[in-house]
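Throughout, a chain's letter reflects where its sequence line sits, starting with A, and its residues are numbered from 1.
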Amino acid sequence: MGEIQALRGTRDILPEEIGYWQWVESVARSLLTKAAYQEIRTPIFEMTSLFERGIGEATDVVGKEMYTFLDRGDRSITLRPEGTAGVVRSLIEHGLHTQGGVQRLWYTGAMFRYERPQAGRQRQFHQLGVEVIGSADSRADAEVIVIATDILQRLGLKSLQLYLNSVGNVEDRQHYRQALVDYLTPYKDELDPDSQDRLGRNPLRILDSKDERTQRIVTNAPSILNYLGPSSQRHFEQVQQLLSDLGIDYQLNPRLVRGLDYYTNTAFEIQSGDLGTQATICGGGRYDGLVAQLGGPDIPAVGWAIGLERLILLLQQLQSAPKPELDFYIISRGDAAQAQALRLAYRLRHAGFSVELDLSGSAFKKQFARADRSGAIGCLILGDEEAENQTVQLKWMVSKAQQAIAQDDLVSMTNDLRHQLDNFTAR
RNA sequence: GCGAGCGUAGCCAAGUGGUUAAGGCAGUGGAUUGUGGUUCCACCACUCGGGGGUUCGAGUCCCCUCGUUCGCCCCA
């Protein structure tokens with residue numbers, strides 16, 4: 001096709017859908033603000049080396065999914081594939097951690113990954129994420145998880161499943177990795193080709209393979225939970241205890257492995273059964289080594305990210321898009337009336353009402369039809385007669401009751417109007 | 001990067017080699033003068049994603065290409 005269109009894996013969020021986005025953002029913002037999280041906005045592109053060092057060169061995200069290119073100064077830059085690396089970079093660069101205490105941050109924005117689009121996956125997608133930097137306390141893990149479940153619950157999402165695991169610290173993982181390779185090697189020929197490949201490079205990832213035969217073999221593989229050292233063990237137990245205390249349902253899944261190298265100890269995912277194959281809507285965990293790895297001090301952190309497209313896919317299955325309310329729709333005919341209508345709209349908006357002005361100048365019948373479709377609660381009518389008398393007809397769309405009111409009176413009877421609007425909205 | 005399906009108007013969609021490409025939604029105009037969600041009428045694709053081929057003849061068959069969807073990989 002020669003026409004200009006949105007690039008593969010990108011899409012427009014049209015007005016009919018935007019209500020979901022605004023709703024999610026407002027719920028999240030209000031909850032996060034109440035938990036003393038502060039919003040941070042970082043650039044959408046960064047030096048490529050930030051992601052290579054932060055996410056890990058062996059990961060698929062870095063190895064084959066990054067939007068990387070040279071700018072005009074021959075610098076290698078990359079459109080951010082996730083949010084954490086940039087936030088941590090910013091924290092270090094501005095010394096936020098030196099301002100004392102724990103940094104509680106949240107962000108939302110577009111992320112980019114060069115992959116084949118499919119259900120719940122796009123090249124440009126959006127995440128909402130939080131990072132708690134500067135605390136190794138298991139309460140930080142628990143806090144971050146409650147906030148995630150709280151946001152999802154407030155949005156009306158039920159039947160989500162929280163999976164919890166610990167991937168231990170670097171040493172624990174080393175030991176476990178060896179044990180896993182020892183276990184899997186005899187079965188090598190029976191594994192699916194992808195997993196055979198990963199046996200040498202990234203054996204942990206074999207654990208969540210979707211291949212049935214591989215899954216059967218993996219069923220009896222050693223569990224990472226048996227390889228956690230004392231401190232990892234204790235941390236994990238505390239997190240579980242705290243979640244139970246909070247009344248949060250979770251399911252241990254020792255085969256849960258996350259794709260980014262920086263995770264340590266706690267790892268979790270929130271999944272939905274209604275999303276097809278991309279079931280994870282929220283993924284996160286602890287990343288105690290990342291800040292140091294990016295050149296900052298050795299401070300611990302936990303966080304998560306929610307995939308907003310996936311979240312909104314679920315919301316769309318549950319309810320129709322929230323629509324903006326419209327108080328008044330103004331129709332008019334005739335030069336004087338049309339001019340007055342514009343002014344009336346302006347004055348009513350200043351009085352706090354939402355007002356749409358019909359610009360068509362077509363027959364009243366047509367304008368009424370549009371008023372109806374607009375969903376406005378009240379319709380204001382200005383014709384030659386009203387223009388002459390400086391009045392306006394106010395018609396309540398539901399009851400069809402109509403009365404003439406002086407334009408000046410209308411604007412000053414704010415409370416009365418508000419009261420009537422509320423009555424009609426309540427029904 | 002690999003595999004499979006699909007591509008007809010803004011949207012949904014019939015059509016499976018043969019005269020003028022159904023229908024629905026939306027939209028626009030009208031059913032006598034300024035009152036809506038119902039009804040009725042009219043208009044709304046020289047063209048079937050693009051290119052090439054087979055054929056007397058192609059939206060319908062073949063090839064290429066682009067796009068899209070679902071899946072694998074991976075992840076939010």
Side-chain angles (χ1 to χ4, degrees), chain A residues 1-11 14 16 55 58-66 80-84 108-129 148 192-195 197-198 202 205-206 208-211 214 256-260 268-272 275-284 303-314 329 331-334 337 358 360 362-376 378-387 393-402:
Chain A
M1 241 209 226
E3 290 170 40
I4 293 179
Q5 54 185 294
L7 286 166
R8 164 177 288 165
T10 70
R11 59 185 214 101
L14 301 176
E16 62 180 35
I55 300 172
T59 62
D60 279 17
V61 169
V62 170
K64 58 182 205 190
E65 293 169 6
M66 292 207 300
R80 62 183 182 193
E82 54 99 53
T84 302
T108 184
M111 310 292 162
F112 304 83
R113 258 119 102 159
Y114 192 89
E115 303 180 89
R116 284 301 286 273
Q118 77 189 58
R121 199 177 69 195
Q122 291 162 248
R123 290 184 172 179
Q124 174 176 340
F125 61 104
H126 301 263
Q127 291 187 334
L128 170 79
D192 62 283
D194 284 320
S195 293
D197 218 44
R198 287 180 293 205
N202 200 350
R205 296 228 53 88
I206 298 174
D208 62 2
S209 165
K210 282 176 187 164
D211 184 83
T214 301
L256 173 67
V257 180
R258 317 232 58 256
L260 313 182
F268 67 91
E269 286 187 5
I270 298 173
Q271 298 189 359
S272 163
L275 276 176
T277 178
Q278 310 297 331
T280 302
I281 84 166
C282 175
W304 50 250
I306 287 175
L308 293 179
E309 277 79 3
R310 290 179 190 178
L311 174 57
I312 282 159
L313 239 33
L314 289 178
Y329 190 94
I331 70 180
S332 58
R333 216 157 148 62
D358 192 305
S360 70
S362 51
F364 271 123
K365 191 178 182 80
K366 295 290 174 190
Q367 296 196 55
F368 269 107
R370 267 184 230 106
D372 193 40
R373 258 177 285 142
S374 77
C379 183
L380 296 168
I381 304 123
L382 284 108
D384 294 335
E385 226 174 279
E386 289 79 14
Q393 296 285 338
L394 165 58
K395 178 173 186 175
W396 298 108
M397 296 306 273
V398 173
S399 68
K400 299 184 181 176
Q402 183 173 323

Are side-chain heavy atoms of [X] and [Y] found at a separation under 4.5 Å?
X: Y114(A); Y: P81(A); value: no
X: R205(A); Y: D60(A); value: no
X: K395(A); Y: F368(A); value: yes

Under a 3.5 Å cut-off for both distances, is [N] Watson-Crick or wobble paired, and to whom?
N: rG23(B); answer: rC12(B)
N: rG34(B); answer: none
N: rA4(B); answer: rU69(B)
N: rU60(B); answer: none

Same-atom distance ([atom1]) from [N] to [M], integer angstrom:
N: rC46(B); M: rA9(B); atom1: P; value: 11 Å
N: rG59(B); M: rC6(B); atom1: C1'; value: 15 Å
N: rU28(B); M: rU20(B); atom1: C1'; value: 24 Å
N: rG49(B); M: rU60(B); atom1: P; value: 8 Å
N: rC11(B); M: rG51(B); atom1: C1'; value: 28 Å
N: rA21(B); M: rG27(B); atom1: P; value: 27 Å
N: rG15(B); M: rU8(B); atom1: P; value: 14 Å
N: rG24(B); M: rU39(B); atom1: P; value: 13 Å

message: Test side chain to side chain contact (heavy atoms under 4.5 Å, CB included) on D211(A) and D194(A); report intermediate values, then the result.
response: CA-CA 9 Å; D211(A) 184 83; D194(A) 284 320; over 6 Å; no

Atom-to-atom span, [atom1] of [X] to [atom2] of [N] - whole angstrom:
X: D194(A); N: rC73(B); atom1: CG; atom2: P; answer: 6 Å
X: R121(A); N: rC75(B); atom1: CZ; atom2: P; answer: 10 Å
X: R116(A); N: rG67(B); atom1: CZ; atom2: C1'; answer: 11 Å
X: L275(A); N: rG71(B); atom1: CG; atom2: C1'; answer: 15 Å
X: E82(A); N: rC75(B); atom1: CD; atom2: P; answer: 12 Å
X: E115(A); N: rC70(B); atom1: CD; atom2: P; answer: 14 Å
X: F268(A); N: rA76(B); atom1: CZ; atom2: P; answer: 11 Å
X: I270(A); N: rC75(B); atom1: CD1; atom2: P; answer: 18 Å

Quick one: label [X] by what it contacts on the DNA or RNA (base, sugar-phosphate, nothing), any heavy atom closer than 4.0 Å.
X: C379(A); answer: nothing
X: G129(A); answer: nothing
X: A371(A); answer: nothing
X: Q367(A); answer: nothing
X: E16(A); answer: nothing
X: M111(A); answer: nothing
X: R113(A); answer: base

query: Could you walk me through whether H126(A) and I312(A) pass the side chain to side chain contact (heavy atoms under 4.5 Å, CB included) check?
result: CA-CA 11 Å; H126(A) 301 263; I312(A) 282 159; over 6 Å; no

- prompt: For D358(A) and S360(A), does a side-chain donor sit closer than 3.5 Å to a side-chain acceptor?
  reply: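 On atom types as modelled, these side chains qualify, holding a pair under 3.5 Å.
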
query: Side-chain donor-acceptor pair under 3.5 Å between T280(A) and E269(A), yes or no?
result: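 Note: T280(A) and E269(A) side chains meet the donor-acceptor criterion.
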
field: Nearest to side-chain heavy atoms of R8(A), which nucleotide of rG36(B), rU68(B), rA76(B)
entry: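 Of all the options, the side chain of R8(A) is nearest to rU68(B).
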
- request: Taking only the side-chain heavy atoms of A369(A) (C-beta and beyond), determine which of rG36(B), rC75(B), rU68(B) contains the nearest atom.
  value: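 My answer, after comparing the listed nucleotides, is rG36(B).
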
- line: With B for base contact, S for sugar-phosphate-only contact and - for none (protein heavy atoms under 4.0 Å), nucleotides 29-35 of chain B reads -----BB

task: For residues I381(A) and F364(A), report the shortest heavy-atom separation together with the two atoms involved.
output: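 The pair with the smallest heavy-atom distance is CG2-CE2, 3.7 Å.
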
Does [N] have OP1 or OP2 under 4.0 Å away from a side-chain N or O of [X]?
X: R373(A); N: rG36(B); result: no
X: K64(A); N: rC73(B); result: no
X: T277(A); N: rC72(B); result: yes
X: Q118(A); N: rG71(B); result: yes

- request: Could you check Y114(A) against G284(A) and say which one's nearest nucleotide on RNA chain B is further toward the 5' end?
  value: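 This one resolves to Y114(A).
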
Upstream residue (5' side of RNA chain B) when G120(A) and D192(A) are each assigned their closest nucleotide: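 Looking at the nearest nucleotide for each, D192(A) comes out on the 5' side.
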
Residue pairs involving residues 111-128 of chain A (criterion salt bridge (Lys or Arg N to Asp or Glu O under 4.0 Å); sequence neighbours excluded):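 Counting only pairs at least two positions apart or across chains, the salt bridge (Lys or Arg N to Asp or Glu O under 4.0 Å) contacts touching residues 111-128 of chain A are E115(A)-R121(A).
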
Verdict with supporting geometry, E82(A) and V61(A), side chain to side chain contact (heavy atoms under 4.5 Å, CB included): CA-CA 9 Å; E82(A) 54 99 53; V61(A) 169; 5.6 Å; no

